[in-house]
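Numbered from 1 within each chain, the chains take letters A, B, ... in sequence-line order.
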Number of protein chains: 2
Amino acid sequence: MSNKNRFPADKRIYYFGSKLTEGHQAMSELLGGKGANLAEMTSIGLPVPAGFTITTACCADYNKAGGKLPGGLSKDIESNMARLEKETGKQFGDTQNPLLVSVRSGAAVSMPGMMDTVLNLGLTDKSVAGLSEQTGNARFALDAYRRLINMFGDVVMGVDHHLFEAEFELIKKRNKVTQDTDLGETGLRQLMEAYKAVYKKHTGESFPQDPYKQLEKSVEAVFKSWNIPRAIAYRKINDIRGLLGTAVNIQSMVFGNMGEDSGTGVAFTRDPSTGKNEFFGEFLINAQGEDVVAGIRTPEPVVKMKKWRPDIYQQLLGVKKTLEGHYREMQDIEFTIERGKLYMLQTRTGKRTGAAAVKIAVDMVAEKRISQKTALLRVPANDLNQLLLPSFDAKAKRTVLTKGLPASPGAASGYPVFTADEAVARTEKGDSVILVRRETSPEDIHGMHAAAGILTSTGGSTSHAAVVARGWGKCCVAGAGDLVIDSKRHIIKIDDRKISVNDIISIDGTSGEVMLGDVAKQAPTFTKEFRVLMKWADNTRKMVVRTNADTPEDSKIARNFGAEGIGLCRTEHMFFGDKRIMAMREMILAEKADDRKVALRTLRPFQRRDFEGIFKSMNGLPVTVRLLDPPLHEFLPTDEKSQRLLARAMKVKLDHIVRRVNQLHEVNPMLGHRGCRLTVTYPEILEMQVTAIVEATINCKRKRIDAQPEIMIPLVGIDNELIMLRELAEKTIERVKRRKKFQGQLNIPIGTMIEIPRAALTADKVAEHADFFSFGTNDLTQMTLGYSRDDIGSFLPDYLEKNILETDPFLTLDASGVGQLVEMAVKKGRDVKRKLKCGICGEHGGDPESIVFFQSVQLDYISCSPFRVPIARLAAAQATLKNQQLALFN
Amino acid sequence: MSNKNRFPADKRIYYFGSKLTEGHQAMSELLGGKGANLAEMTSIGLPVPAGFTITTACCADYNKAGGKLPGGLSKDIESNMARLEKETGKQFGDTQNPLLVSVRSGAAVSMPGMMDTVLNLGLTDKSVAGLSEQTGNARFALDAYRRLINMFGDVVMGVDHHLFEAEFELIKKRNKVTQDTDLGETGLRQLMEAYKAVYKKHTGESFPQDPYKQLEKSVEAVFKSWNIPRAIAYRKINDIRGLLGTAVNIQSMVFGNMGEDSGTGVAFTRDPSTGKNEFFGEFLINAQGEDVVAGIRTPEPVVKMKKWRPDIYQQLLGVKKTLEGHYREMQDIEFTIERGKLYMLQTRTGKRTGAAAVKIAVDMVAEKRISQKTALLRVPANDLNQLLLPSFDAKAKRTVLTKGLPASPGAASGYPVFTADEAVARTEKGDSVILVRRETSPEDIHGMHAAAGILTSTGGSTSHAAVVARGWGKCCVAGAGDLVIDSKRHIIKIDDRKISVNDIISIDGTSGEVMLGDVAKQAPTFTKEFRVLMKWADNTRKMVVRTNADTPEDSKIARNFGAEGIGLCRTEHMFFGDKRIMAMREMILAEKADDRKVALRTLRPFQRRDFEGIFKSMNGLPVTVRLLDPPLHEFLPTDEKSQRLLARAMKVKLDHIVRRVNQLHEVNPMLGHRGCRLTVTYPEILEMQVTAIVEATINCKRKRIDAQPEIMIPLVGIDNELIMLRELAEKTIERVKRRKKFQGQLNIPIGTMIEIPRAALTADKVAEHADFFSFGTNDLTQMTLGYSRDDIGSFLPDYLEKNILETDPFLTLDASGVGQLVEMAVKKGRDVKRKLKCGICGEHGGDPESIVFFQSVQLDYISCSPFRVPIARLAAAQATLKNQQLALFN
C-alpha cells in the first residue's frame, strides 16, 4: 500500500461510502487511525455507515490560527453532507426523514477515551418528530434527542454532565420510575425540556436548532480537545510525539438501541490478554456503543451472541477473518447491530499485553500471515518487561475476598486508595497502592499510572480501566461486582468484611482474584512462544547482550535471561559489607600510603571471594570488572553520630574524622576526585583490586572454572592516564602470576570506559592503549549536556513540558549530541585499531530506542540490568532490522 | 643560521677552539645554550678558552640507562682532551705544565644556579706542584687545589660543604688570620691536607689522583644533576618541557684570581631592569667567577673598570658591539681577565624585566637590528603584566629605612619572613610577605616564588636573587648592606631600629629603597616604547580584544588598557548590593510567578542603572551582557543565623526559608539548574533583565550615548532553548520599544555562550538562531574534561607531577580536547552562517598560549580581565605572526 496521496495537499475532507471512497489505511497521519480504517474497511466491502473525515492538517491549522476554523471548511462540509444525504437518502435536519451523524475524533495514534464524541447530531425540535415518525418509535427519538442535548452540552459547550443527571433523577422520581429505560414518552418530553433549560441556563443561549451550527461547533470541540490537559498528559505518558492533531470523523448514525433486535459491542480478533486465537469481546443488547466502553452496564461476553443471534455471530467471525486477512494483524473493532443489520464502526490494531504480543506474533508466523522479521518488529521490546514480572506463587496461601474479570494480567499488592491523587501521593511516599474505583475515566490517568494495580467494581475487560491497564502492562481486575466502595469512609466492603487503607490487598490479573494480604510472588516462567521469539531475535541480532551485575546472584538471573557476559561489574558496592566498610574507611582515612596499604590488605580477600563467585556464575563468559569509581567521601559517614561511632571503632579522635570528611568534601562530586583519578593518586588501590582479580582468576582456573575477566579503567579523559594505569595493572598481573606460580596464559584485556567527552574526542589516542571501549553513557550524558542526574528534577519536567527535550536523555540516548560523541569515538578508535571491541554499559543499554542507535554505530555489545536482558535481545534484533531498512533507503 | 647538523647523529662531543669549531649557536638543543654559544663566540673571533661539549643526548642516554655512561664516551673524551692539550700546549695531570679544566652543565634553556659546576679539574698532589711552578705562585696553586677538593667533594661526591668550611675556620684560627686571602702557603698546605682528610672520611676513598677519574665523575655528576628535585622544581615553575637533558662543557681554565691584574665579571649588553642601551654589569678584581654570581663579595659596577683597566673596558664595549651585531639580541656575558688578558666564558640571551623587554625590542627596531615582527615576538606577552603593576605613589609619605641595589623593579609591601618555607606558609594564610635573606640560593626558589618581593643584604644586581626575581618580574632589592638579619629572633635591625615579623615593610625595586609600613601605590604609567609596541601589536593582530567587566569602573580601566568592548558583562554580581540582595532573595523564595514578578520589579531599576553606567563607559563599543547564570541557591544564606535574619526581614517563618534552601540545594551545582535553564523555568527573569537592558539603551541613546548592547544567553545545550528564549527576548525588546515610544533602530544582537559540549557538537543547529557565539571555555573545560574547578585541587598537583597533564587546563586551553570542540563549533556554526561572529570570554582569553590557538581557529575576538588586555593585544599579534609562520610550513 502506498502512502502517496493522489489528491491535492490542501484537500480538507475525504469521503467514504459505497460509491466513493477517497482515503485508505496508509493515510492515518492525515486522516487519523479511525478515519483511515473506516475508508479501508469500506474499500474491502465491510458494512460501514457512510461518512467523511476532516484531516488532521485542518486541526493543526485551527490550533495554529488560535482557534479559528480554516476558511472554506464549512463549504467543504456542506458539499460532503450533500453527498452523504444522497447516499443515505436522508436529509440533514429534515422534519420527515432526518439524517443523523456522529462526530468523532481520531488521531494517527489511538488514544482511547482521550477525545470527545458527539452522537445524534442533526436532531432539532423539528427533526425529532421526523425521527419519531421514520422509526415509529417516539420514545427512541426523544431519548436520542435528550442524549444529543446532554452530550453536546457537556462535550461541546462545557456544561457539567451532573447538571443533566440531576434533572434526570428528578424527573424519574416525579414519574416514579427507577431505571432510565422505564421512563415513558411523557417523561422523556419533560426531560428534553429540562435539558434544554439546563443548556440555556449554563450556556446563555438556546440549544441550536440549525443542524449545521451543531456540526460546526462539534468539529471545533474535537479540534480543541487535542490540546486539553488530559490529552497532553496521555501523549506524554505514552510518549506520543510529532502528530499534527486529530482528524474528525462525521459518519451517518446507526443505532444499537432500537430495540431487542439491536445491540452494540466491541471485540478483539484475538484475546488481547493472552494472545489466544479466539474472537474476544463483549456486547450489550439494545444499547449504544458508549455504554460498553464507559462500563456503565456490565456487558455479555461476545460468545453469548451465538444464542442471541447466531447469524450475526457468524457474520462477525467472517469480519474477523476478512480483517486479519487484510491487515495481517490483530484488530480491535466496534460494531453496532441496528434492527438485525450489522455495521462496523471502527477497526484498529488492537492493544495487547506483552504476552499476547509475543503469542500473536509467533502464531501469525505459523499461520504464514507474517514473516519472522515482521513478527520481531511487532512486539514492543519494552513490553517483554511484563513477561518477566512475577506472578503469585501457586503454593502461597490465598485469602480470596472476591473475584472480578481478569482484565490485564500480572500480580500486584498494595494499600487500597480511592482517588487518583491519593494514588500519586501515597506512591510518592514509597507505598505500593492499588487504585480501587467503581469505574475509571480519563481523569484518573495519573493515578492509574502511579498505582501498582487497578481494581474496579463495574465495567468489563474492554472498559477504560482494562484497556488502559493492558496498554501499560499493568495488572487490572475489573467488574468485581461484590465490591462496595465507600470512598468517603475510605473503606471497601466485601460481604461482611471491611478493608481499610491500612490493609494490603493483592489482585491477580490473570485469574481475577482479589485477595487479602501481600500474597507471595514467584519468578516468571517463559512461554513456548517467548522462547521461539527470543531464538529468532538471537539469530537476527548482531550485537552481543551482556548485563550489568555486581553479585553472583544477579549474574545468575541475568544468565538465565540470556546474558552473554557481564559488561559492567561495579566493585564499589562490594565495599559496603559490615567488616569491609571499616577497612574501607580506614583506607580512606589513612594519611600515609603505608597505612593505606595495610587497610587494603584487609579488603583484598573480600574482593577476591566476590570475584570468584561472579566468575563462577559467568563460567566461560567475559566479565568486565570496573575498578573503583566513586569519590572516597561516599564511603564516609557525614552525620556526627556515625562519625563518633567510627572514631570510637577506629580509636582515633572525632576531630580527625571530621577534618578528613571536610577535606574530602566536594562541591561537584560528579566532576571530582573519582574514577581513575583515584588510582592515579592512590595507585595502591588499583594494585589491590587487580591483585584480587588475578588471584580469583587463577583460583578459578585451578578449579577448572573458565574465568574471563576484563579490567576496565573508569573515567579516563587523557591517554596518559590509561598509559600509566595500564602499565601498573600489567605489572601487577605479572607479579601475582609469579607469586602464585601460575604458568598458563591469562590474557586479561585492559580497556577503558568512554564517559568523559574528552575521551571520545581523543579516542584515537586512547585506543592505542585500550583493548576495548565501553561507553559509560550515564556520565557521558551528564557531561555532554551538563546535567547532573541528581539535580535534573528541578528543570527536566519543564523541558519536557515545553518540548525543549523530547525525552529524558538519561532514559533514551541523546543521539544528536551524546550519540555524536559515541559515533566519533567508535570511528576514531577503530581507525587506530580496526578490531577494537566497543560496547555500552550505561542505562541506555536496556532502552530499545537507544539500542537502534547503538546498532547504527556498530557497537559489538550492549550491557543492561539483568531484567532488561530479554528486552535488549529483542531490541537488538529489531535494531538490526531497522538499520537494514534504513540502509535500503540510503 | 641552519639548525642542520653536518655530523652523524650519534656524535657525542663537539669541540671548540682556535683551529676547529664543530658546533654553532643553532645547536642549543644538542649542545645546550652555553655550549652552542661558546662555539659560536669562538667562531666569530671572540677570545674564548678552548674546550668541548658533551651533548644533551648523552645525558638522556645516561639517565635512560639508569645512570650508566654511554659506552665509548670515555674514549671520545680522551681524544678531545688530546686535542685540547695540543691547542693549549699543556698536559692534563702534568707535573710541569698541567692543563686544568672546568666542567659545567648547560641545558638548551638557561636555568641559573640550578646545575653544578666543578673548576680546576686536573689538579692532583703531583700537578699542583706543576701549577705552582708554571704560575710562579705557590699560594695560587694550593688555593686552586683546595677549591677543587672542596667543590669536587661537595658537588660530585655529596660531602657537606660546611665540613670543609669548618676546617678552613679552624686553620685560619690556628694561623691567626681572619680573611681567607690572608692564609699563607703553610696554612694552605695544612688546609689541603685537612680537606683531603675530610674527603676521605666522608667518601670512604682518597681524593682521586687520576685526573681522568676526576673528569669522568664530574661529567656523571652533571648528568645526575638534571634530575635532582630542585632542577625538576625549577623546570616546573618555569614551565620548561621537552628537553633531553643537560650538556656538559669541558673548558680549559682561565683564572681571575691570579693577582691584581686579574678579575672576573658578569655583564649585560643593556640594562636588564630598564632596557637602557648601556653596558651594565659588575666585576671583582682578583676573584673567580663564582664569587660574583654567588654574591659572596659585593662587586663593583662595571663602569668602574674604566679607571682600573680602561683598555679592557674598551675591549668589553667592543665585545658588546660584536655580540649584539651578531646575535641581534641583548646578551648576558661572563668574562675573566687573567693577568691582563680578557676571556669570554659565556654569552646567552639576557633575562630582563618586562619593561626592559619592551624597550630593548623597540630600540632594536630603531637601530635596524630587528624587524617589527621580531620585536613583537621578542616580548613575552605575560611579562607585560609587570608594566601594568602599580609603583609607589610619588606623593606618598615614605619612611626610608635603608637603600639597597634596585635589582628588579616593582613595588612590594608585606611582612618580613626569613625562610622560604615561612614565605610559603604565610602566603598560603593570605599574608603578603617579603622574603628577607642574606643571600638567596636555589633552595629558596619556592619561597621566592611565593613572596611579594625579595630583599637581600649582600649580592649585587646579578646575584641569584636578582636574576631569578627579574626572570619572574618580581620586585627585588639586593645588597642592602645596612640590614642585619637576625633570623633566629625573627628580627631585622637597621641602625637602632628593629623590625619584627608583624611590621609591614615596603621595597622599591626601581629605587632600591626599603621603607617602613605599607606605602601607598599608584597605577602604572605607560612608557613611550610600550605605546609603540602596542601600536605595532594592534596593527598586526587580527582578533579584536575585549574585556570581561561588570562595573563602570572596571570598564574604564579596561578601555584605558585598550579594550575594544566588553565580551562578558556578568549580571549576577549586580545582585549582591544591600537592597538588591533582599529583592533577589524574595524573588527566589517566591512560590508563585506573580510574587516573583513583584520582586523582579524592585530589581529592574538597579539593573537598568548598572547597564547605563557600563554603556556610558563603553560609549560606542559593544557590550555583551550575559543573562543570569548561577544557580539561585548561591544567593541564599546557608547558615542558620543569616537565615534567621532573612526570615525576620522578610516576615516569613524560618522554616519556610530553610525548606526552600534545602529544596534548592544541589548535589552538583555546576551541572544543575542554572544558566538558561533558569529562564526556561522562570521566563520572568529574562523579561526583567532584557527590559532593563533595553530601557538603559534607549535612555543612553536619548542622551546621545552610543550604547551597543548584545544579549548573551548562557549555558545553551539544545537549539530549542535558544529558540524559545530568543523569541521571548525579541518580544520583550519590542514591548519596551513600544512602551518607551522609541522610534529608531536598536539592532540588539542575541547570541549564546558555547560552554556545554553538546552546544559545540550541535553548533550548526544552534547557529541558526544565534547572532554570535562566545566560547565559555571555563565551563567547557569543566564539562569536556569532567573536572570541577572547585575540586581539581585534590588531584591536579599529582597530574602535573606525573606528567599526565602538561599544564593546568584552566590556565592554558586543552587544545586537543576542549580545543577540538571549539574548532568544531566555529566550523559548524560558520557552515550555516558564514559571517557568524565567534569570540571567547573564558579565562583563557588572557593566556598567550591559548590565544595562539584561538587565532588558529579564526575567532573574531578574545575577551579577558581588564589587567590582561595589553597582554592579550600583544599575544594576539604574536598569534597572528605564529600562525603565519605555521602556515608557511604547511
Under a 4.5 Å heavy-atom cut-off, does chain B meet the side chain of [X], its backbone, both or neither?
{"X": "A:Asp814", "result": "side chain"}
{"X": "A:Ile756", "result": "both"}
{"X": "A:Gln820", "result": "side chain"}

For B:Asp779, is it the side chain, the backbone, both, or neither that has a heavy atom closer than 4.5 Å to a heavy atom of chain A?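 For B:Asp779, there is no contact with chain A at all, as no heavy atom is under 4.5 Å.
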Specify the closest pair of heavy atoms between [X] and [Y], including all atoms of both residues, with the distance to one decimal.
{"X": "B:Pro683", "Y": "A:Lys802", "value": "CG-NZ, 4.3 Å"}
{"X": "B:Asn720", "Y": "A:Ile804", "value": "ND2-O, 2.9 Å"}
{"X": "B:Gly786", "Y": "A:Arg677", "value": "O-NH1, 2.7 Å"}
{"X": "B:Arg758", "Y": "A:Ser816", "value": "NH2-OG, 2.9 Å"}
{"X": "A:Thr681", "Y": "B:Ser794", "value": "CG2-O, 4.2 Å"}
{"X": "B:Cys676", "Y": "A:Tyr799", "value": "SG-OH, 4.2 Å"}

Chain A: which of B:Pro797, B:Gly675, B:Ser788, B:Gly817 shares the most heavy-atom pairs with it under 4.5 Å?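 Top option by heavy-atom pairs under 4.5 Å: B:Ser788.
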Which of the residues B:Asp790, B:Asn803, B:Thr784, B:Leu678 is involved in the greatest number of heavy-atom pairs with chain A at under 4.5 angstrom?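 If we count pairs closer than 4.5 Å to chain A, B:Thr784 comes out on top.
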As an exercise: rank A:Glu666, A:His665, A:Gln663 by heavy-atom pairs under 4.5 Å with chain B and give me the winner.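 Max contact count across the listed options: A:Glu666.
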Among the options A:Asp798, A:Leu715, A:Leu805, A:Ile792, pick out the one with the most heavy-atom pairs lying under 4.5 Å from chain B.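 Of the candidates given, the most pairs with chain B belong to A:Asp798.
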Those residues that, when tested against B:Tyr682, pass ring pair (Phe, Tyr, Trp, His ring centres under 6.0 Å) (two or more places apart):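 For B:Tyr682, no residue satisfies ring pair (Phe, Tyr, Trp, His ring centres under 6.0 Å) once neighbours in sequence are set aside.
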Sidechain-backbone polar pair: A:Asn668 side chain, B:Met670 backbone, donor-acceptor under 3.5 Å: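 Checked: pair present.
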Using a 6.0 Å cut-off, check whether atom CD of B:Glu730 has over 12 heavy atoms from anything other than its own residue.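 Yes, CD of B:Glu730 has more than 12 neighbouring heavy atoms, counting only those of other groups under 6.0 Å.
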Does CD in B:Glu684 sit with more than 12 non-hydrogen atoms of other residues, nucleotides or ligands closer than 6.0 Å?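 Yes, the 6.0 Å shell around CD holds more than 12 heavy atoms from other groups.
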To the closest 0.5 Å, what do you measure between CE (B:Met824) and CE (A:Met824)?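 That separation rounds to 3.5 Å.
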If you check every heavy atom in residues 759-767 of chain A against those of chain B, which residues fall under 4.5 Å?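 Residues of residues 759-767 of chain A touching chain B at under 4.5 Å: A:Leu761, A:Thr762.
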